[in-house]
Peer 1: 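Before I ask anything, let me first share the structure, which is written out below as structure tokens.
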Amino acid sequence: MSERLLIKAGTVLSMDAGLGVLSPGEVLIEDGLIAAVGADLGVTDAEVIDAPDSIVMPGFVDTHRHTWQAPLRLIASDWTLGHYLAGIHSGFSKHFRPEDTYAGNLLGTLEALDSGITTMLDWSHNLATPAHADAAIEGLKDSGARAIFAHGSGAQQWSNLPSTVPHSDDVKRLREQYFSSEDQLVTLAMALRGPQFATKETTLLDYRLAREVGTRITVHVGDGEWGKSRPIEWLRDNDLLGDDVTYVHCNTLGDDELAMIADSGGTASVAADVELQMGHGWPATGRLLDAGVRPSLSIDVCSSNGGDMFGAMRSTIASQRGRDNGQAEEEGISLVEELRLSCRDVVEFATVEGARACGIGDKAGSLTPGKQGDVILIDTDTLSLTPMNNPWGAIVYAAHPGNVDTVVVAGKVVKRDGKLVGVDVDRVKRLAVETRDYLLEQAASDEGIADAALGGDWMPGQVRA
Ligand SMILES: [Zn+2]
């Protein structure tokens with residue numbers, strides 16, 4: 001007998017162009033897949049979640065997160081990019097043992113899942129040894145989320161930039177050992193340094209390796225000063241652009257470079273919180289749209305900012321609106337005619353576009369029948385979301401992880417009544433604290449970060465970007 005789950009909701013945001021919004025509406029999940037979406041499906045033989053005061057929508061997709069940093073949560077919230085490079089990259093990263101990578105990935109992915117992010121791309125670039133990669137993958141798998149493990153090598157490849165050390169070919173072993181199928185919850189991608197952080201020769205080798213292994217590519221470009229070196233132009237001249245690549249940040253790329261991304265069918269990831277804090281430049285949301293690229297959104301580093309999509313959506317819309325209105329003011333326009341970026345656009349970035357950027361647009365991102373049953377339910381029966389007058393505004397400007405009542409991944413209920421199901425949360429928190437304590441202990445005898453301290457006042461020595 002098939003497993004059937006019927007969700008009855010006040011509002012269904014299908015994020016499917018043909019199905020639109022149903023208010024009220026129903027979503028039927030059968031054998032892990034979306035089977036039907038409609039106003040009244042007349043189903044009588046399914047398990048039912050009856051939630052008239054709720055918004056039901058596809059789970060969010062985070063397209064770029066250095067998940068390993070979760071145990072260093074918010075230690076860097078007042079840091080510049082220079083502090084961050086000194087404190088985390090030259091500092092704490094080398095002290096991670098495989099069990100710390102595991103603790104970080106488990107904590108970070110469960111945090112995401114709990115907040116309604118059903119798919120997360122783990123941009124894993126602190127893999128000192130194959131055992132670290134194994135641990136990172138284990139953390140993702142143990143979480144129960146849909147995840148993309150983006151293999152990004154480690155300190156050996158991320159020191160002395162631009163690096164001449166090729167991407168670790170351990171990724172070939174991982175492909176064979178864990179990722180022989182695309183038909184599983186955790187799949188493989190490659191997180192490359194690209195032309196900003198590796199030499200041109202090394203970049204050619206890295207891209208060749210990715211295409212040999214047969215994975216999608218994710219690469220940082222256009223962040224701050226580094227991004228002004230015309231990386232996209234160089235990639236185009238070397239025939240390395242493609243629809244299998246996601247470009248993270250894009251802030252300081254030229255308009256013509258954004259157009260090159262659009263022409264190649266590439267996707268983009270905006271991480272507004274970090275970009276605004278670390279001086280990467282204005283989030284490129286509006287410029288990407290002008291060039292014909294609808295971006296996805298990402299969290300980036302939980303050492304600086306929160307790990308949920310609500311915060312990322314708010315920073316994205318606030319920064320673009322601030323920029324547009326600021327520009328209008330400079331041009332002497334006292335009142336703009338209309339806001340060009342809508343809340344609905346931003347919800348699309350966080351769902352449909354996220355799935356597309358992860359190469360799983362056929363599996364996730366909308367409640368289209370045939371796609372995976374990755375669904376979240378936002379409880380609107382709260383003082384901050386009642387009366388429910390505008391679901392798009394509610395999601396972008398008012399909702400928070402505490403409103404995420406239910407999370408379903410591939411038809412399996414992983415959060416219900418506001419609590420993760422079958423997760424030993426105390427164990428996860430204990431592992432994270434143990435890792436944090438271990439890292440601080442190691443810092444004490446590490447010259448570069450010997451003064452590391454909790455509480456928010458510690459500023460690591462600056463490293464020049
Ligand atoms: Zn990043």
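Position 1 is the first residue of the sequence, and the numbers go up from there. As the structure lists them, so they are numbered: ligands from 1, and atoms in each ligand from 1.
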Peer 1: For the Zn ion (ligand 1), which protein N/O/S atoms are closer than 2.8 Å?
Peer 2: His64 NE2, His66 NE2, His220 NE2
Peer 1: Regarding Arg97 and the six-membered ring of Tyr438, is the cationic atom NZ or CZ under 6.0 Å from the ring centre and inside 45° of its axis?
Peer 2: yes
Peer 1: Are Arg175 and Asp170 ion-paired here, with the side-chain N under 4.0 Å from a carboxylate O?
Peer 2: no
Peer 1: Can you give me the closest heavy-atom contact between Pro295 and Thr285, atom names plus distance?
Peer 2: CG-CG2, 4.2 Å
Peer 1: Among side-chain atoms of Asp62 and Ser298, is any donor-acceptor pair under 3.5 angstrom?
Peer 2: no
Peer 1: Quick check, are the ring centers of His220 and Trp226 under 6.0 angstrom apart?
Peer 2: no
Peer 1: Quick test of your reading: applying ring-ring contact (aromatic ring centres under 6.0 Å, His included), list the pairs with at least one residue in residues 94-117, sequence neighbours left out, ordered by first then second residue.
Peer 2: Trp68-Phe96
